[in-house]
Engineer: 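Structure incoming, see below.
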Protein chains: 2
Amino acid sequence: MLRNRVKELRARYGFTQSDLGKRVNVTRQTIAFIEKGEFSPSITLALKLARALETSVDELFWLEGDGEDEK
Amino acid sequence: MLRNRVKELRARYGFTQSDLGKRVNVTRQTIAFIEKGEFSPSITLALKLARALETSVDELFWLEGDGEDEK
DNA sequence: TTCATTTGTTTGGTTTATATAACATAATGT
DNA sequence: ACATTATGTTATATAAACCAAACAAATGAA
């Protein structure tokens, strides 16, 4: 199971979903889907999100459990 | 531009592309494409690769330049 | 040299990420 | 009350990730 802290960190910086989307060049719906955990973004987008939220990819995203099952 | 150290670290551990693919549940062609930089894997796969190669996603993958252009 | 293994590469197919657009709801300010 | 803004959510469409199968080239071992 893939988990992330995007919503939490975005709120901490006072960004709206639209704000964050503009910073990383995706739509606000894409941000919403990621926050809901509905899909696993590309590593390129993950790196940009980490940069926008001033953290590392490893702090922003993690696998819960052994993660052998997920795609 | 997305760069990575998959090939280098895989060689260091003496894994074949097939070995690594099996460990992270993808085909060897997928590993080959990633090593060639031909696409940007999902964060889920990136996390599994980092775990298999005993490193962090941030050490394994990075954006060269400002990375504003890439998807 | 022959055999087995690894890698490079291509092609066609399926699945998933992402875009765009739309509509509803909640909150905020006038 | 009305307008604006942020979010939740859904639908359709496209691009990209990923699979499965194939074949050639390179390597290394017997």
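Numbered from 1 within each chain, the chains take letters A, B, ... in sequence-line order.
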Engineer: Taking the axis from the first five pairs and the axis from the last five, what angle separates them in the helix from C:dT1-D:dA30 to C:dT30-D:dA1, rounded to 10 degrees?
Structural biologist: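 Between the axes fitted at each end of the helix from C:dT1-D:dA30 to C:dT30-D:dA1 lies an angle of 40°.
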Engineer: Pick from A:Asn4, A:Ile34, A:Val26: which one makes a side chain to side chain contact (heavy atoms under 4.5 Å, CB included) with A:Pro41?
Structural biologist: A:Ile34
Engineer: Using OP1 and OP2 only, check whether a side-chain N or O of A:Thr30 sits under 4.0 Å from C:dA17.
Structural biologist: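 Result: no.
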Engineer: Would you mind building the protein contact string for nucleotides 20-30 of chain D? One character per nucleotide, 5' to 3', B for base within reach (heavy atoms under 4.0 Å), S for sugar-phosphate only, - for untouched.
Structural biologist: BBBB-------
Engineer: Which residues pass the side-chain hydrogen bond (donor to acceptor under 3.5 Å, both in side chains) test with A:Arg28, sequence neighbours left out?
Structural biologist: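 Result, side-chain hydrogen bond (donor to acceptor under 3.5 Å, both in side chains) vs A:Arg28: none returned.
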Engineer: Go through the structure and list residues passing side-chain hydrogen bond (donor to acceptor under 3.5 Å, both in side chains) with B:Thr27, not counting sequence neighbours.
Structural biologist: B:Thr30
Engineer: Starting from C1' on C:dA17, measure out to CG on B:Leu45 and report it in whole angstrom.
Structural biologist: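 The answer, rounded to whole Å, is 14 Å.
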Engineer: Can you pull the salt bridge (charged side-chain N to carboxylate O under 4.0 Å, His left out) pairs that have at least one residue in residues 53-63 of chain A, sequence neighbours excluded?
Structural biologist: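 Listed once each, the pairs would be none.
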Engineer: Over how many whole Å does the gap from A:Ile34 atom CD1 to C:dT16 atom P extend?
Structural biologist: 16 Å
Engineer: Check whether any side-chain heavy atom of A:Leu2 lies under 4.5 Å from a side-chain heavy atom of B:Leu47, and answer yes or no.
Structural biologist: yes
Engineer: B:Glu35 has an atom CD; how far is it from atom P of C:dT9, in whole Å?
Structural biologist: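 Rounding to the nearest Å, CD of B:Glu35 and P of C:dT9 are 12 Å apart.
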Engineer: Below the 4.0 Å mark, does C:dA17 have OP1 or OP2 next to a side-chain nitrogen or oxygen of B:Ser42?
Structural biologist: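 No, outside the criterion.
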Engineer: What residues in residues 3-19 of chain A put a non-hydrogen atom under 4.0 Å from any atom of DNA chain D?
Structural biologist: A:Lys7, A:Arg10, A:Thr16, A:Gln17
Engineer: Checking B:Thr55 side chain against B:Ala50 main chain: does a donor-acceptor pair fall under 3.5 Å?
Structural biologist: no
Engineer: Using the side-chain hydrogen bond (donor to acceptor under 3.5 Å, both in side chains) criterion, which residues pair with B:Arg12? Sequence neighbours excluded.
Structural biologist: B:Glu8
Engineer: I need the CD1-P distance between B:Ile31 and D:dC18, as an integer number of Å.
Structural biologist: 10 Å
Engineer: In whole angstroms, how far is the P atom of D:dC18 from the NZ atom of B:Lys36?
Structural biologist: 16 Å
Engineer: According to ring pair (Phe, Tyr, Trp, His ring centres under 6.0 Å), does anything in residues 17-51 of chain B pair up with another residue at least two apart or in another chain? List the pairs.
Structural biologist: B:Phe33-B:Phe39
Engineer: Between B:Glu38 (CD) and C:dT9 (C1'), how many Å, whole number?
Structural biologist: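 From B:Glu38 CD to C:dT9 C1': 9 Å.
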Engineer: Who passes side-chain hydrogen bond (donor to acceptor under 3.5 Å, both in side chains) against A:Thr16, sequence neighbours left out?
Structural biologist: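 Residues passing side-chain hydrogen bond (donor to acceptor under 3.5 Å, both in side chains) with A:Thr16: A:Asp19.
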Engineer: Among residues at least two apart in sequence or on other chains, which ones pass side chain to side chain contact (heavy atoms under 4.5 Å, CB included) with B:Lys7?
Structural biologist: B:Arg10, B:Glu35
Engineer: Any chance you could lay out the side-chain contact (heavy atoms from CB on, under 4.5 Å) test for B:Val6 and B:Phe61, step after step, and finish with the verdict?
Structural biologist: CA-CA 8 Å; B:Val6 173; B:Phe61 293 92; 4.1 Å; yes
Engineer: Can you check the B:Lys22 NZ to C:dT6 P distance for me, whole Å?
Structural biologist: 8 Å
